[in-house]
Peer 1: 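Quick one: this structure, given as structure tokens, is what I'll be asking you about.
Chain naming here is simple, since letters A, B, ... match the order of the sequence lines and numbering starts at 1 in each.
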Amino acid sequence: MPELPEVETVKNTLADRIAGLAITDVDVLLPKVIRVPVAEEFRRLAGGKTIRTLARRGKYLLFHLSGGLTMIVHLRMTGRLVYTAADEPPARYTHVIFHLDNGDQLRFADMRQFGRLALVENEAVAHFPGLKDLGVEPLAPEFTREFLQRELRRRRTRLKPLLLDQTFIAGLGNIYADEALHRARLHPQRPAHTLSARETAALHRAIREVLLEGIAERGTTFRDYVDGNGRRGGFQEKLQVYGREGRPCRRCGRTVERIRINGRSAYFCPFCQKQ
DNA sequence: AAGAAGTCCTGGGCGC
DNA sequence: TGCGCCCAGGACTTCT
């Protein structure tokens, strides 16, 4: 699932290739993946625009276009954005094709059809549903230990759901949340307000470390993720607990367990991460 | 008002 | 072998 490190990697791999290119035409093969405006308008507006720069906010990808427009993309579970030669046979589940003025293409594919694209005026980005309520960027300087301590103290919820709350910290998903908690030796069910200063510092450090290592490994390909060049990530080789139910914890060798918290699975080591 | 549940999807894993 | 069931999961909506 594309989380912060995967989206960052897609952004970086695509930026090298498409920044400065113009979109000559757009094929929308599955109109419902276009959130706004309606597919026909999306196509009309995107056509002729130049892709200036790419940015990321949480798990959202932002394409800053000429004409004061921004394309917002969320890959959700299985979405892919891949730069391809025009004669490349279309991958299964390709829903949108951007024709670029160098003859190549940018293709959006998504097996589960959860991912969404939107095209809005620059001024509307800050008001866009989902984007507008995003919390702090965990790799930005604003995400300090003091900030985390202040926030944890006033929340009664458990750590795992809190880390997945995009209005709190933007960009963590199930994989990196579980890995961060394991690295900080914190149980996913721990009530947020019960952490000591020392534990808070460990969590703060762990969140940043797992994300930075994820980016350094070019993301985690648990199943479907590929970057803007269609290449798999490498961080799946370094996962300590995620997806490892019944297998040994890579730190202590005891068996990794999986529990359900708010309908989401949480992998953890009951020895390293005591309640 | 926070927290929980329902919704969207389809490949893959499982039981029989 | 093959059928049917159910699960995974991010973010948004709806319910409590």
Side-chain angles (χ1 to χ4, degrees), chain A residues 1-10 29-36 56-62 72-81 91-96 108-118 120 124-125 127-138 151-181 188-194 211 214 219-226 232-233 235-236 239 241-247 256-268:
Chain A
M1 306 127 271
E3 304 179 23
L4 189 153
E6 289 74 37
V7 179
E8 180 71 16
T9 304
V10 171
L29 309 173
L30 185 67
K32 74 168 181 182
V33 304
I34 309 294
R35 214 160 101 172
V36 288
R56 179 194 57 75
R57 175 79 173 96
K59 301 175 199 171
Y60 289 83
L61 259 176
L62 305 174
I72 302 169
V73 179
H74 199 302
L75 301 172
R76 293 285 184 98
M77 313 292 300
T78 53
R80 294 175 166 187
L81 270 176
R92 262 185 103 182
Y93 317 114
T94 297
H95 304 318
V96 183
F108 171 73
D110 188 355
M111 182 182 77
R112 290 195 188 162
Q113 306 178 13
F114 281 178
R116 290 293 181 265
L117 287 68
V120 302
V125 173
H127 309 290
F128 193 77
L131 249 180
K132 73 172 191 300
D133 297 318
L134 285 182
V136 65
E137 280 291 327
E151 292 296 316
L152 291 181
R153 268 205 283 249
R154 65 183 191 84
R155 293 171 193 258
R156 319 289 296 179
T157 184
R158 293 166 289 182
L159 287 178
K160 180 65 188 291
L162 184 59
L163 292 187
L164 293 179
D165 180 356
Q166 301 300 299
T167 69
F168 175 50
I169 299 175
L172 287 174
N174 225 21
I175 296 173
Y176 293 95
D178 280 356
E179 292 298 311
L181 288 170
Q189 307 249 47
R190 263 294 282 286
H193 69 281
T194 65
L211 292 175
T220 302
T221 300
F222 194 73
R223 183 167 279 164
D224 302 284
Y225 165 75
V226 293
R232 294 162 52 83
F235 197 64
Q236 63 277 5
L239 295 176
V241 285
Y242 185 84
R244 293 180 56 80
E245 181 185 18
R247 298 170 64 195
V256 172
E257 291 185 9
R258 179 168 70 116
I259 56 174
R260 291 196 140 279
I261 306 174
N262 291 2
R264 293 282 176 265
S265 55
Y267 297 91
F268 72 106

Peer 1: With no angle test and no hydrogens, is the base of B:dG11 tied to the side chain of A:R223 by a donor-acceptor pair under 3.5 Å?
Peer 2: no
Peer 1: For A:Q113, what residues pass the side-chain contact (heavy atoms from CB on, under 4.5 Å) criterion, not counting sequence neighbours?
Peer 2: A:L30, A:K32, A:H95
Peer 1: Select one nucleotide: of C:dG10, C:dC12, B:dG11, the one nearest the side-chain heavy atoms of A:Y93.
Peer 2: B:dG11
Peer 1: How would you label the contact of A:R158 with the nucleic acid (heavy atoms, under 4.0 Å): base, sugar-phosphate, or nothing?
Peer 2: sugar-phosphate
Peer 1: What is the distance from CD of A:Q166 to P of C:dT13, rounded to the nearest Å?
Peer 2: 15 Å
Peer 1: OP1 or OP2 of C:dG10 sitting under 4.0 Å from any side-chain N/O of A:K59?
Peer 2: no
Peer 1: Choose from B:dA4, B:dG11, C:dG10 the nucleotide whose nearest atom is closest to any side-chain atom of A:M111.
Peer 2: B:dG11
Peer 1: Within the structure shown, what part of the strands sits under 4.0 Å from A:Y242 by heavy-atom distance: base, sugar-phosphate, or nothing?
Peer 2: sugar-phosphate
Peer 1: For A:F114 and C:dG9, is the gap between ring centres under 5.5 Å while the planes differ by less than 30°?
Peer 2: no
Peer 1: If you look at every strand shown and take non-hydrogen atoms under 4.0 Å, does A:P129 touch a base, only sugar-phosphate, or nothing?
Peer 2: sugar-phosphate
Peer 1: Give one of base, sugar-phosphate or nothing for A:M77, where a contact means two heavy atoms less than 4.0 Å apart.
Peer 2: base
Peer 1: Base, sugar-phosphate alone, or nothing: which one does A:T78 contact when heavy atoms must sit under 4.0 Å apart?
Peer 2: nothing
Peer 1: Is there a side-chain polar atom (N or O) of A:H74 under 4.0 Å from OP1 or OP2 of C:dG10?
Peer 2: no
Peer 1: For a quick test of reading the model: is some side-chain N or O of A:R116 closer than 4.0 Å to OP1 or OP2 of C:dG10?
Peer 2: no
Peer 1: Need one value for A:F222: base, sugar-phosphate or nothing, where a base atom within 4.0 Å counts as base even if backbone is also close, heavy atoms only.
Peer 2: nothing
